[in-house]
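What follows is a short report on a single structure.
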Amino acid sequence: HPAFQALQEYIAHNHLGVPRIISSHRQSLGLVRSEENVFWSFAPHDIDMILRLVGRPPTRLLATGSRVLQANIEDRCECRLDFGPDCQASILTNWLSPIKEQRLVLVYPDRLLQFDGVTGKSWVQEFSFSAGSPLQKHEPHELLQPHADQPLAAQAKAFLSAIETRVNPPTAAVNIHWVLPTLTAATRSLQSGQWEEIPDL
């Protein structure tokens, strides 16, 4: 997604490193599936983005869910991902929400970064903090306006370019191989109600 790429470029250009907190919300009143729960349906995109930003898989995770429409299928899931003392992440997925939302928020000690997949925008908001004083916020600054290229079209172009140049696209399997183990661990956590570790590949 061009707006997510703009976020990555901003992080790299400003040497921000790994965010301290990452929160992702993906919800809508959309297609309800019977062969998979909402986490498997919605969360792969969010897991991929989070892993790209952190650069390593979580050590463990805890997933909880709610079943409304079907006895064995979660319609709403929350997952906490533990990357160690320097980074915590959470993912909320829900296909029974009247509000369509695809939002990723990154928290650093002096700024917030946001990616909005619905509007196609990303922006940064700087702030300062001192004990005993209110948080001083600056006006948000947009990193990218809505882009002409849609994400799937950009992905198709990258795929065709990879065929022509024999250079791996950003979505190559080598870049996303931790997504499936994370999804699988979340399934175990939903069943056990406990933290689950991510096995080494």
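The shown structure was predicted, so the numbers you read here are calculated from the model rather than taken from an experiment. Computed over heavy atoms, backbone and side chain alike; hydrogens, waters and symmetry mates excluded.
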Please assess Asn72 against Asn37 for the test side-chain contact (heavy atoms from CB on, under 4.5 Å), listing each intermediate value before the final yes or no.
-> CA-CA 8 Å; Asn72 60 339; Asn37 65 25; over 6 Å; no
Does Pro58 reach the side chain of Thr182, with side-chain heavy atoms less than 4.5 Å apart?
-> yes
Could I get the full list of salt bridge (Lys or Arg N to Asp or Glu O under 4.0 Å) partners for Arg67, not counting sequence neighbours?
-> Glu74
Please answer whether the main-chain N or O of Cys77 pairs with a side-chain N or O of Asn94 as donor and acceptor at a distance below 3.5 Å.
-> no
Min side-chain heavy-atom separation Glu142-Lys121 under 4.5 Å = yes
Got more than 12 heavy atoms from elsewhere within 6.0 Å of CZ, Arg20?
-> no
Exercise: identify the closest heavy-atom pair between Arg33 and Ile73 = O-CG2, 3.8 Å
Looking only at heavy atoms, the pair that brings Ala3 and Gly120 closest together is CB-O, 3.5 Å
Derivation of the side-chain contact (heavy atoms from CB on, under 4.5 Å) call for Phe39 and Ile47 = CA-CA 10 Å; Phe39 197 74; Ile47 294 170; 4.1 Å; yes
Gln194: partners by side chain to side chain contact (heavy atoms under 4.5 Å, CB included), with sequence neighbours left out | Ser192
State whether the side chain of Asp75 and the backbone N or O of Val68 hold a donor-acceptor pair below 3.5 Å, judged by distance alone.
-> yes
Sequence neighbours excluded, which residues qualify as side chain to side chain contact (heavy atoms under 4.5 Å, CB included) partners of His45?
-> Arg26
Between Pro19 and Cys87, which heavy-atom pair has the shortest distance, and what is it?
-> O-SG, 3.3 Å
CD/Glu139 to CD/Glu126 distance, rounded to the nearest 0.5 angstrom?
-> 12.0 Å
Rounding to 0.5 Å, atoms CD (Glu78) and OG (Ser66) come to a distance of 8.0 Å
Output, in order, the C-alpha distance, side-chain angles, deciding distance and verdict of side-chain contact (heavy atoms from CB on, under 4.5 Å) for Ile198 and Trp178.
-> CA-CA 9 Å; Ile198 311 295; Trp178 281 108; 3.8 Å; yes
Given side chains that start at C-beta, do those of Leu53 and Phe4 come closer than 4.5 Å, heavy atoms only?
-> yes
Rounded distance [0.5 Å steps], CD in Gln5 versus CD in Glu9 = 6.5 Å
Any side-chain heavy atom of Gln8 sitting closer than 4.5 Å to one from Arg52?
-> yes
Taking atom CD of Glu35 as the centre, does the number of heavy atoms from other residues, nucleotides or ligands within less than 6.0 Å exceed 12?
-> yes
Nearest 0.5 Å, what's the OG-CD distance between Ser130 and Gln136?
-> 7.5 Å
Contacts of Thr184 meeting side chain to side chain contact (heavy atoms under 4.5 Å, CB included) (sequence neighbours excluded), chain-then-number -> Trp40, Leu180, Arg188
Could you go step by step and tell me if Asn14 and Val124 meet the side-chain contact (heavy atoms from CB on, under 4.5 Å) rule?
-> CA-CA 12 Å; Asn14 290 276; Val124 59; over 6 Å; no
Side chain Ser28, main chain Lys100, donor-acceptor under 3.5 Å = no
Transitively linked via ILVMFWY side-chain contacts under 4.5 Å: Val179 with Leu190?
-> no
Would you give the length of the straight line joining atom CZ of Arg60 to atom CD of Glu197, rounded to the nearest 0.5 angstrom?
-> 8.5 Å
Any sub-3.5 Å donor-acceptor pair from Ser133's side-chain atoms to Phe129's backbone N or O?
-> no
Result block: side-chain N/O donor-acceptor pairs under 3.5 angstrom for residues 105-116, not counting sequence neighbours:
unit_1	atom_1	unit_2	atom_2	d
Tyr108	OH	Gly17	O	2.8
Arg111	NH1	Tyr10	OH	2.8
Gln114	OE1	Arg103	NH1	3.1
Asp116	OD1	Val118	N	2.9
Asp116	OD1	Thr119	N	3.2
Asp116	OD2	Arg103	NH2	3.3

Measure across Leu104 and Ser24 and return the closest heavy-atom pair with its distance rounded to 0.1 Å.
-> CD1-CB, 3.7 Å
Minimum heavy-atom distance Pro98-Leu29, with the two atoms named | CA-CB, 4.5 Å
Is any side-chain heavy atom of Val32 less than 4.5 Å from a side-chain heavy atom of Gln70?
-> yes
Ser90 vs Ile22 side-chain heavy atoms within contact, under 4.5 Å | no
Say whether Ile91 and Leu96 are linked into one hydrophobic cluster, either directly or through other cluster members, by side-chain heavy-atom distances under 4.5 angstrom.
-> no
Contacts of Leu62 that satisfy side chain to side chain contact (heavy atoms under 4.5 Å, CB included) - sequence neighbours left out | Arg80, Ser189, Trp195
Nearest heavy-atom pair of Val38 and Arg76: which atoms, and what distance?
-> CG1-N, 3.6 Å
Approximate separation, where rounding is to 0.5 Å, of Thr59 OG1 and Leu81 CG = 9.0 Å
So, do Phe83 and Ile50 sit near enough that their side-chain heavy atoms are less than 4.5 Å apart?
-> yes
Side chains of Gln125 and Lys137: does their closest heavy-atom pair fall under 4.5 Å?
-> yes
